[in-house]
Every structure is written in C-alpha cells, then in structure tokens.
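First the structure, in the form of structure tokens, and then the observations on it.
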Amino acid sequence: MVTVDINGITKLYGEQKALDNVNLSIKKGEVIGLLGPNGAGKSTLMKIITTFVPPSSGTANINGFDIQNDPMEIRKIIGYLPEHNPLYHDMYIKEYLGFVLKTYPGHSKVSKKVEDIIELTGLGIEQKKKIGALSKGYRQRVGLAQALIHNPEILILDEPTSGLDPNQLVEIRKIITDLGKEKTIILSTHIMQEVEALCNRVVIIDHGSIVADDTPENLGKQTVRSSSYKVEFKEAVNKQLLENIQGINKANNITENQWILSSSSEKDLRETIFKFAVKNKLNVLSLSMEDQKMEDVFQRLTR
C-alpha cells in the first residue's frame with residue numbers, strides 16, 4: 001500500500017529552484033533515508049509532505065489525502081520533527097506533551113499516553129524539569145516525543161539524532177528501528193552509519209532532484225567503480241613493490257606491515273595479490289576486500 005505519492009513536485013523561492021520535478025512513491029512500513037548536501041532540498045520536501053509549505057507545482061497524496069485540499073487530515077496522521085526543533089522552554093515536559101496531544105481531536109486518557117511516550121523516549125529521569133533546563137540531547141528527545149504523542153501512521157524526522165551523545169544515539173536508533181516495524185518513516189540525516197543501520201531504502205537528492213533511489217546494498221553495488229584491499233604481511237614491505245602489482249594504482253600503509261591497496265578496476269584482485277606475494281616470498285597474514293561505505297556512494301553521486 002502506497003502511503004506517500006509525490007508527482008512532479010517543484011518548489012521555487014523567488015528565482016531559486018529548491019525542488020525540480022520530484023517524483024517519489026513510499027509504501028507503508030518503509031524506512032526511507034533522505035540524503036543530500038546542505039541546500040539540496042531535503043527539508044523543503046519534508047515541509048511540503050507535512051503541508052507546512054505549498055509546492056509551486058505538482059501534486060502529492062498522503063494516505064489518499066491531497067496536500068493542498070486536505071492539509072488538516074494529513075496533519076492528523078503525520079508526526080513531524082523539524083530540523084530546528086521548536087519547543088516551549090517555559091513548560092514542563094509532561095505539561096508540554098499533554099498540550100500537544102490535546103491539539104489532536106479524539107484523544108482521551110491524555111495522562112496515560114504522556115506517561116507512555118515519556119517512557120518510550122527515555123525522558124523519565126528529566127520529566128520534572130522545564131524544557132529550557134534540558135540539555136540539547138534531551139530537548140531533541142522531547143521533540144521526538146511530540147512527534148509520536150498522537151501515534152501517527154507516518155513519521156517525518158529531520159536530523160532526529162542531532163545533539164545526542166553516543167549512548168543516546170543507540171537508544172534513539174532502537175526506538176526508530178522498533179517504530180519502523182509498524183510505521184512509515186522518512187528520515188533525513190548526515191550520519192551515514194545511521195542510514196546503513198536504520199533504513200531499508202535510500203533516496204539521495206542533489207540540486208533539487210532525486211539522483212538515486214534504492215536499497216543501501218544495491219546503491220553500493222551499482223556505483224562501485226573502484227575497489228580497495230586491506231592486506232597484512234608478516235614482513236615489512238616496500239611501497240613501490242606493492243604498486244607493481246597488476247591492477248593496483250596506489251598503496252597506503254597503515255603500519256609497516258599493513259597496507260590498503262587501491263584499484264580503479266571492479267575486478268576482484270585478491271588472487272592476483274596473493275600470487276604476487278608468493279612470487280616475492282611474502283607471507284600474507286590477512287587479505288580482505290574493503291566494503292564501499294555509504295560516504296563513498298554519497299560523494300560520488302553529489303559531487
């Protein structure tokens with residue numbers, strides 16, 4: 001079932017084109033990683049989906065509701081955490097979350113739902129504080145809690161882990177992973193490890209247009225134009241010697257015995273490297289092909 005259906009969306013700010021004829025279809029239960037350089041159009045697309053900003057042209061349907069004709073219906077089923085998280089700093093956490101929930105019609109048992117969301121987002125230890133007294137990481141948790149408080153079908157999260165420490169990152173990623181089992185999630189982030197850990201699909205935007213749309217695994221396979229190998233020898237090895245291996249362009253040492261060998265070929269050169277070592281009486285302790293990282297894919301598609 002398609003929950004988000006975007007057709008030909010263009011957005012102009014004066015003469016600047018933030019989005020250029022974007023088409024995107026998202027099914028229920030997908031966790032989408034929305035990537036792109038600063039100014040690529042990610043936040044603009046999220047604001048259009050959430051009906052905060054109208055498109056200059058094109059259409060979009062969210063669970064069958066049109067973004068221009070049915071904005072209030074869409075806001076009932078979407079939870080939105082914007083990049084710059086607006087909060088009422090003079091309100092207590094429970095007070096604020098109860099206030100947010102009451103803005104959505106048809107919600108009863110406010111106190112119980114607030115308690116549940118505080119537990120889910122790990123705010124219990126800080127719940128008696130005013131929001132303005134919280135650290136940036138805990139304010140970000142409050143923002144996530146307000147996005148979830150009405151149990152939305154679709155979550156739009158713009159940089160949801162911004163300002164979190166490593167322990168908090170693990171906890172929030174666990175929450176998002178669990179939510180992804182029952183909700184549709186669009187997640188914008190600059191943290192590539194987050195995309196690989198959380199998302200089952202990646203959409204990359206550059207200069208207002210979608211330049212890639214696939215699973216993280218397939219993106220890596222489709223864009224490989226080079227390969228690298230990590231090799232450890234028993235002996236110290238000369239750099240020039242390693243760069244004589246057929247197909248190897250460059251050798252970079254990690255230690256005098258460990259090297260990263262780079263090739264512009266997609267061909268697997270591990271057998272070639274091993275035979276070269278045998279010929280030159282070098283003892284290979286380990287040899288592996290390095291996986292292409294999401295950072296490499298991102299840089300290649302948005303340069």
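What you see below is based on every heavy atom in this structure, not just the backbone, and it leaves out hydrogens, waters and symmetry mates.
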| message | To check you understand the geometry: which heavy-atom pair defines the closest contact between P152 and G79, and what is its length? | response | CB-N, 3.4 Å
| message | Assess whether a salt bridge exists between E73 and K76, defined as any Lys/Arg side-chain N lying under 4.0 Å from an Asp/Glu carboxylate O. | response | yes
| query | Do L97 and L179 share a hydrophobic cluster, counting only Ile, Leu, Val, Met, Phe, Trp and Tyr and linking them when any side-chain heavy atoms are less than 4.5 Å apart? | reply | yes
| What are the two closest non-hydrogen atoms of L219 and A212, and how far apart are they? | CD2-CB, 3.7 Å
| Residues clustered with I260, ILVMFWY side-chain links under 4.5 angstrom | I254
| note | Smallest heavy-atom separation, A60 atom then I6 atom, equals CB-CG1, 4.1 Å
| Got a second to check how far N244's CG is from F276's CZ, nearest 0.5 Å? | 5.5 Å
| task | Check the surroundings of atom CD in E271: do more than 12 heavy atoms from other residues, nucleotides or ligands lie under 6.0 Å from it? | result | no
| message | Main chain of D66, side chain of D70: is a donor-acceptor contact present, judged purely on distance under 3.5 Å? | response | yes
| query | Got T189 and L35 here, is their nearest side-chain heavy-atom distance under 4.5 Å? | reply | yes
| said: Could you report the tightest heavy-atom contact between L242 and A251, atom names first, then the distance? | reply: CB-CB, 4.0 Å
| Any donor and acceptor pair, going by atom type alone, linking the side chain of N257 with main-chain N or O of K234 inside 3.5 Å? | yes
| query | For Y13, does the OH atom sit with more than 12 other heavy atoms under 6.0 Å from it, leaving out its own atoms? | reply | yes
| field | pair V284-F233: side-chain heavy atoms closer than 4.5 Å | value | yes
| field | Atom pair OH/OG of Y229 and S263 - distance to nearest 0.5 Å | value | 5.5 Å
| Transitive ILVMFWY side-chain link V22 to I48, under 4.5 Å | yes
| query | T103 side chain to V100 main-chain N or O, any donor-acceptor pair under 3.5 Å? | reply | yes
| Heavy-atom distance under 4.5 Å between the side chains of L144 and L148, does that happen here? | yes
| message | Checking the side chain of K42 only, and the main-chain atoms of G36 only, is there a donor and an acceptor separated by less than 3.5 Å? | response | yes
| Salt bridge R141-E171, side-chain N to carboxylate O under 4.0 Å | yes
| OG-NZ distance between S286 and K230, expressed to the nearest 0.5 angstrom | 7.0 Å
| T51 side-chain N/O to I67 backbone N/O, donor-acceptor pair under 3.5 Å | no
| I154-V203 co-clustered via ILVMFWY side chain contacts under 4.5 Å | yes
| remark: Interatomic distance, CD1@I156 vs CG@D158, rounded to 0.5 Å, equals 9.5 Å
| query | Taking E83 for the side chain and S43 for the main chain, is one N or O donor matched with an acceptor at less than 3.5 Å? | reply | no
| task | Find out whether Y92 and Q127 are in side-chain contact, i.e. whether some heavy atom of one side chain is under 4.5 Å from a heavy atom of the other. | result | no
| said: Checking L169 against E194 for the side-chain contact (heavy atoms from CB on, under 4.5 Å) test, could you report, in this order, the C-alpha distance in whole Å, the side-chain angles of both residues, the deciding distance, and whether it holds? | reply: CA-CA 9 Å; L169 274 174; E194 203 156 86; 3.9 Å; yes
| About how many Å separate CG of L101 and CD1 of I149, when rounded to the nearest 0.5 Å? | 5.0 Å
| task | Scan side-chain atoms only and decide if K183 and N151 contain a donor-acceptor pair under the 3.5 Å cut-off. | result | yes
| request: Calculate, to the nearest 0.5 Å, the distance between atoms CG and CD belonging to N253 and Q258 respectively. | output: 10.0 Å
| request: Determine the interplanar angle of the Y104 and H150 rings, folded into 0 to 90°, and report it as parallel if under 30°, tilted if 30 to 60°, perpendicular if over 60°. | output: parallel
| task | Would you confirm whether E256, through its side chain, and V237, through its main-chain N or O, come within 3.5 Å as a donor-acceptor pair? | result | no
| Hey, does I186 have a side-chain heavy atom less than 4.5 Å from the side chain of L157? | no
| remark: For I118 and K94 the tightest heavy-atom approach is CD1-CG, 3.5 Å
| query | Below 4.5 Å, heavy atoms only, C-beta onward: do I49 and I78 meet side chain to side chain? | reply | yes
| S188 (side chain) donor-acceptor with E159 (main chain) under 3.5 angstrom | no
| request: Decide whether I248 and M289 are clustered together by the hydrophobic rule: side chain heavy atoms of Ile, Leu, Val, Met, Phe, Trp, Tyr closer than 4.5 Å, transitively. | output: yes
| task | Check whether any side-chain heavy atom of Q68 lies under 4.5 Å from a side-chain heavy atom of P55, and answer yes or no. | result | yes
| query | Does E119 reach the main-chain N or O of D116 with its side chain, forming a donor-acceptor pair under 3.5 Å? | reply | no
| request: Step by step, work out the side-chain contact (heavy atoms from CB on, under 4.5 Å) result for L45 and L19. | output: CA-CA 7 Å; L45 181 59; L19 293 174; 4.0 Å; yes
| query | Should we say atom NZ of K174 is surrounded by more than 12 heavy atoms from elsewhere, each under 6.0 Å from it? | reply | no
| query | Going by heavy atoms in the side chains, are Y80 and Q146 under 4.5 Å from each other? | reply | no
| field | Closest non-hydrogen atom pair between G58 and I9, with its separation | value | C-CD1, 3.7 Å
| task | Take K250 and E243, measure what side-chain contact (heavy atoms from CB on, under 4.5 Å) needs, and give me the verdict at the end. | result | CA-CA 6 Å; K250 191 173 184 181; E243 290 180 345; 4.0 Å; yes
| said: Please tell me whether T161 and R173 have a donor and an acceptor in their side chains that are separated by less than 3.5 angstrom. | reply: no
| Side chain N200, main chain V31, donor-acceptor under 3.5 Å | yes
| said: According to a hydrophobic-cluster definition based on side-chain heavy atoms being under 4.5 Å apart (Ile, Leu, Val, Met, Phe, Trp, Tyr only), do L187 and F52 belong together? | reply: no
| query | Passes side chain to side chain donor-acceptor pair (under 3.5 Å), N63 versus E153? Steps please. | reply | CA-CA 9 Å; N63 267 19; E153 299 174 42; 2.5 Å; yes
| request: Check step by step if side-chain contact (heavy atoms from CB on, under 4.5 Å) holds for L287 and I273. | output: CA-CA 9 Å; L287 172 60; I273 294 168; 4.2 Å; yes
| said: Suppose the criterion is side-chain hydrogen bond (donor to acceptor under 3.5 Å, both in side chains): which pairs have a residue in residues 16-33, not counting sequence neighbours? | reply: E30-R201
